[in-house]
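As structure tokens, the structure follows; a few thoughts come after it.
Everything numeric here is computed off the predicted structure, so don't read it as measured data.
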Amino acid sequence: MSAVPVLDAAAALQVAAELGAVFAKGAAQRDAERGTPYEEVAALKASGLLAVSVPAEHGGADLPVAVLAEVFRLLAAGDPSIAQVPHSHFVYVNLLKHQGTPAQQARLFAEVLAGASFGNAQSEIGTKHVRDHRTTMVEHPDGEWRLSGEKGYCTGALFADWIPVLTHRGVDGPMVVAWVPRTADGLEVVDDWAGVGQRTTASGTVTLREVRVDPELVTGYAETFTGPQTYGAFAQVLHAALDAGIARAALTEAAEFVTTKSRPYPDAGVARAADDPLVVHAFGQMEVSVRACELLVAAAASAIDAADADLTEESAGAASLAVAAARAATTEASVSVSSRLFEVAGTRSALDSLNLHRHWRNARTHTLHDPASWKVQHLGRWALEGVLPPNHGQL
């Protein structure tokens, strides 16, 4: 690996916009064919974007969350599957910032600046709930720690150089993150993701069979939630930015279709579908929805930056509430706009060969990460009685 460029805010946004435009050109075909985007992810890794949140003291740009969220939105407006691939990478860079030892930070941040990416082996399928984990790291009589378990929804793992594994340290022990090289003996990444949407994220399975763990590369995780934190809000705002990107992409492609391919309804008495007042009104309504969710994402990201600058229970809670509002709004906008595009575009837009339905499939699939109704519930409790949201990784 060679060193990647260190991008300032303006350069990061420009690169994200350029890559998003490139990714958009092949998004429909990759989705239809379930093509794994190796070349596109390689370009993303080489661009320097995956290093933008590395702390300045380690040679990175240390860009604010407000910039990173916009980077995600721009990438997702091009291809949300590719945009989702580095989500966990940034989450675990963030974990290193807050919980990593100096030695861990020095080693792993240097890897990122050299072009490496982090994957994800966090969620498990079949447990009681999303924060219930069975994977365990056990100390053997010879003094070695070994890791066994199976993880699902492992977005980014197929393309990663390092896979952070969320695990118990010892049976029923505290939750930690073990940093495992992608090439480690006993580790297997299975590309078995078969979701209705986000088809090319390669969000498959990671199996771990007695994988040796370097005890110097184990980072605390449970401690993250013992006091005020923005760790959960950070992860969630990137999800919101991705959904905002889907909404914008759906609206943009709907507009292109209506202005170039749709026929007007005879009762409108116009020569172009784009001049039908009902169509124009519908696009205006969708534009309001998309703009609102984009602004809520930006406000939520700024709230995280503000909380990080002065972290208290109140500032962390305010950031989580801002992100909850963004996630609720982006869920609604991405699902509704990607569905309504067929209403305004007409019968031909439903042809499977056009693959316009990928926007709805992507939105519906990605927004299932966390129920939007619980975001609204926490906002309602705050609005009624000033109750701050719970302190966990989903807020």
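Remark: Glu253 CD to Ser338 OG distance equals 11.5 Å, nearest 0.5 Å. The structure places CD of Glu124 at 3.5 Å from NZ of Lys151, a figure rounded to the nearest 0.5 Å. Note that the NZ atom of Lys97 and the CZ atom of Phe109 stand 7.0 Å from one another [nearest 0.5 Å]. For the atom pair CG (Leu108) and OH (Tyr92), the distance works out to 13.0 Å, reported to the nearest 0.5 Å.
A donor-acceptor pair under 3.5 Å is absent between the side-chain atoms of Ser53 and the main chain of Asp62, judged by distance alone. Side-chain atoms of His133 never come within 3.5 Å of backbone atoms of Thr135 as a donor-acceptor pair (strictly under, hydrogens ignored). In this structure a side-chain-to-backbone donor-acceptor pair under 3.5 Å is present from Ser334 to Thr331. Between the Glu70 side chain and the Arg73 main chain, no donor and acceptor come within less than 3.5 Å of each other. Under a 3.5 Å cut-off, the side chain of Gln104 and the backbone N or O of Glu216 do form a donor-acceptor pair. Side chain of Thr127 to main chain of His129: a donor-acceptor pair is present (N/O by atom type, distance under 3.5 Å, no hydrogens or angles).
In this structure, Arg340 and Gln285 have side chains that are in contact, with non-hydrogen atoms separated by less than 4.5 Å. A heavy-atom distance below 4.5 Å is found between the side chains of Leu311 and Thr230. For the pair Val4 and Leu50, the minimum side-chain heavy-atom distance is 4.5 Å or more. The shortest side-chain heavy-atom distance between Pro37 and Phe159 falls under the 4.5 Å cut-off. In this structure, Arg30 and Ile82 have side chains that are in contact, with non-hydrogen atoms separated by less than 4.5 Å. Put simply, the side chain of Pro181 does not reach to within 4.5 Å of the side chain of Asp161, judged on heavy atoms. With a 4.5 Å cut-off on side-chain heavy atoms, Leu63 and Leu68 do not count as touching. Val180 has its side chain out of reach of Trp162: every pair of non-hydrogen atoms, C-beta onward, lies at least 4.5 Å apart.
Looking only at atom types and distance, the side chain of Glu210 has a donor-acceptor partner in the side chain of His140 under 3.5 Å away. Between the side chains of Gln236 and Lys375, at least one donor N or O sits under 3.5 Å from an acceptor N or O. Side chains of Ser203 and Thr155: a donor-acceptor N/O pair is present below 3.5 angstrom, by distance only.
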Could you walk me through whether Phe90 and Phe72 pass the ring-ring contact (aromatic ring centres under 6.0 Å, His included) check?
CA-CA 11 Å; Phe90 286 105; Phe72 259 74; 5.7 Å; yes
May I have the step-by-step check of side-chain hydrogen bond (donor to acceptor under 3.5 Å, both in side chains) for His98 and Glu223, ending in yes or no?
CA-CA 10 Å; His98 297 291; Glu223 299 90 334; over 6 Å; no
Hey, mind stepping through Leu356 and Leu341 against side chain to side chain contact (heavy atoms under 4.5 Å, CB included) and telling me if it holds?
CA-CA 9 Å; Leu356 291 175; Leu341 76 83; 4.2 Å; yes
Side chain to side chain contact (heavy atoms under 4.5 Å, CB included) between Arg364 and Leu368: does it pass, once the steps are laid out?
CA-CA 7 Å; Arg364 186 64 285 174; Leu368 297 176; 3.9 Å; yes
Salt bridge (Lys or Arg N to Asp or Glu O under 4.0 Å) for Glu150 and Arg134? Distances and angles first, verdict last.
CA-CA 8 Å; Glu150 183 172 280; Arg134 292 173 296 210; over 6 Å; no
side-chain hydrogen bond (donor to acceptor under 3.5 Å, both in side chains) for Thr312 and Ser315? Distances and angles first, verdict last.
CA-CA 5 Å; Thr312 65; Ser315 66; 3.2 Å; yes
Would you please test Thr101 and Thr219 for side chain to side chain contact (heavy atoms under 4.5 Å, CB included) and show each step?
CA-CA 7 Å; Thr101 66; Thr219 302; over 6 Å; no
Decide yes or no on side-chain hydrogen bond (donor to acceptor under 3.5 Å, both in side chains) for Thr205 and Asp192, but give the supporting numbers first.
CA-CA 7 Å; Thr205 302; Asp192 57 358; 2.9 Å; yes
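Atom CZ of Arg263 has 12 or fewer neighbouring heavy atoms from other residues, nucleotides or ligands inside a 6.0 Å radius. More than 12 heavy atoms of other shown residues, nucleotides or ligands fall within 6.0 angstrom of atom CD in Glu57. In this structure, Asp267 places its CG atom where more than 12 heavy-atom neighbours from other residues, nucleotides or ligands lie under 6.0 Å away. Enclosure of atom CH2 in Trp382 is not indicated, since only 12 or fewer non-hydrogen atoms of other residues, nucleotides or ligands lie within 6.0 angstrom.
Screening Arg327, Gln84, His366 against His239 for a side chain to side chain donor-acceptor pair (under 3.5 Å) leaves a single residue, His366. Residue Asp31 is tested with Arg361, Gln198, His357, His359 for a side chain to side chain donor-acceptor pair (under 3.5 Å); the sole match is Arg361.
A distance below 6.0 Å separates the ring centres of His378 and Trp374.
Taking the six-membered ring where the residue is Trp, Tyr221 and Tyr231 present perpendicular rings, their angle passing 60° and hence far from 30°. Below 30°, between 30° and 60°, or above 60°: for Trp179 and Phe118 the angle between ring planes is above 60°, a perpendicular geometry.
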